[in-house]
Amino acid sequence: MPRDATPRRYLMCPPAHFKVTYSINPWMDPAKPVDLPLALAQWEDLRDRYRSLGHTVELLEPQEELPDMVYAANGATVIDGRVLGARFAHAEREPEAGAHLDWFRANGFARIHEPVHINEGEGDFAVTASCLLAGRGFRSSPLSHAEAQEFFCRPVIGLDLVDPRYYHLDTALCVLDDAGDEIMYYPDAFSAGSRSVLARLFPDALIADEQAAAEFGLNAVSDGRHVLLPQSAVGLFDPLRDRGFEPIGMDLSELLKGGGSVKCCTQELRGQELPGQGLGI
Ligand code: ARG
């Protein structure tokens, strides 16, 4: 049975100044050249694909001295119009947090929390219908999980990442249906205890294999029906179709050189807070 898509609002940042000059994850090799025009064209394809599916894409101004800014998912987490700002683990990316906060302030978001603890936004927070899944081990601090729970008033499930190639939660797990708690993930990226937690909470999850994970197939974005993912993650296409999803392969090979793909480039802006409905936090 085909699934229903729901219109989404995304925040993206064009890779106008994208380059790999430092290495903060195993995918980044400053010795490997980046084809900037190709990176831009691939990113534009993703942006245009979202728009053609009926989604809204907002744009963040790229800054020359911040080559990783294209990975907009890391800059904040937004649920019910409430914005939890980011705080980056590495000095190289630190100023991105302020650029995101400025954007939210200029765009009518009133409930903004500047974090005390390190969290890399949707890189490590994934939103399901019933909870917030939260990665830790490489970037976001476990202390940020409690901070997120308090701010969003949603239960947070902490998950331990153990493989440096999958340093953010969104490189190893993707929410396919955020109305029905359906996910896909790569078990080997997680500790034994976290694997058991995932199996207990999501017994029907789509399990990705090593090949799909290594192609960044879990770094995907779903609108409830269409699942945009790297086109090279071929092993996921049929399992997604079997569940009624429509996989859409994207080529983001240049952005993989920085250790990111579809999801990393896409921050979801969930819900506008309605007047009078704030929790006053
Ligand atoms: N080079 C960036 C970093 O290491 C890539 C971030 C990818 N973003 C993501 N949401 N996983 O921080």
Side-chain angles (χ1 to χ4, degrees), residues 10-32 34 36 39 42-43 46 60 62-63 65-78 84-97 99-100 118-127 132-141 144 148 159 161-175 184-186 189-190 208 212-222 228-230 233 250 252-269:
Y10 298 126
L11 179 63
M12 297 178 74
C13 180
H17 308 293
F18 175 62
K19 45 185 180 270
V20 179
T21 48
Y22 52 80
S23 179
I24 54 173
N25 70 57
W27 306 87
M28 299 174 83
D29 177 0
K32 242 197 222 166
V34 165
L36 187 58
Q42 292 176 338
W43 178 91
L46 179 63
L60 192 61
Q63 292 184 25
E65 64 290 0
L66 298 173
D68 269 338
M69 232 179 134
V70 60
Y71 305 112
N74 299 129
T77 305
V78 185
L84 173 63
R87 195 160 163 189
F88 286 83
H90 295 97
E92 290 91 338
R93 298 197 66 187
E94 230 172 63
E96 292 181 43
H100 279 257
I118 288 173
N119 87 71
E120 296 202 347
E122 288 196 311
D124 278 322
F125 287 128
V127 184
L132 199 55
L133 300 173
R136 60 189 177 212
F138 295 102
R139 301 289 181 88
S140 299
S141 160
S144 74
L159 298 167
L161 295 163
V162 294
D163 181 334
R165 288 175 303 162
Y166 308 109
Y167 56 94
H168 274 144
L169 182 66
D170 73 358
T171 63
L173 181 148
C174 166
V175 177
M184 60 176 176
Y185 67 98
Y186 174 54
F190 298 91
E215 296 294 342
F216 257 54
L218 283 317
N219 200 246
V221 170
S222 173
L228 284 73
L229 76 172
M250 304 299 306
L252 288 174
S253 59
E254 288 310 295
L255 294 166
L256 194 55
K257 293 176 181 170
S261 190
V262 176
K263 174 59 206 174
C264 298
C265 295
T266 313
Q267 185 189 129
E268 185 165 347
L269 307 172

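Just so you know, ligand 1 is whichever comes first in the structure, and atom 1 is the first atom listed for that ligand.
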Validation row: [X], [Y] side chains within 4.5 angstrom (heavy atoms):
| X | Y | answer |
| --- | --- | --- |
| His100 | Gln267 | yes |
| Asn219 | Tyr166 | no |
| Leu252 | Val262 | yes |

Separation of Glu120 CD from His90 NE2 (nearest 0.5 Å)
7.5 Å
Can a donor-acceptor pair be found between the side chains of Ser140 and Asp124 at a distance below 3.5 Å?
yes
For Tyr186, which residues count as a side chain to side chain donor-acceptor pair (under 3.5 Å) partner, sequence neighbours excluded?
Glu210
Run through all N or O atoms in ligand 1 and write down each protein N or O closer than 3.5 Å, as a pair with its distance.
residue: ligand 1; atom: 1 (N); partner: Asp68; partner atom: OD1; Å: 3.1
residue: ligand 1; atom: 1 (N); partner: Asp68; partner atom: OD2; Å: 3.0
residue: ligand 1; atom: 1 (N); partner: Gly258; partner atom: O; Å: 2.8
residue: ligand 1; atom: 4 (O); partner: Asn25; partner atom: ND2; Å: 2.8
residue: ligand 1; atom: 4 (O); partner: Arg139; partner atom: NH2; Å: 2.9
residue: ligand 1; atom: 8 (N); partner: Asn74; partner atom: OD1; Å: 2.9
residue: ligand 1; atom: 10 (N); partner: Asn74; partner atom: ND2; Å: 3.1
residue: ligand 1; atom: 10 (N); partner: Asp170; partner atom: OD1; Å: 3.4
residue: ligand 1; atom: 10 (N); partner: Asp170; partner atom: OD2; Å: 2.7
residue: ligand 1; atom: 11 (N); partner: His168; partner atom: ND1; Å: 2.7
residue: ligand 1; atom: 11 (N); partner: Asp170; partner atom: OD1; Å: 2.8
residue: ligand 1; atom: 12 (O); partner: Arg93; partner atom: NH1; Å: 2.7
residue: ligand 1; atom: 12 (O); partner: Arg139; partner atom: NH1; Å: 2.8

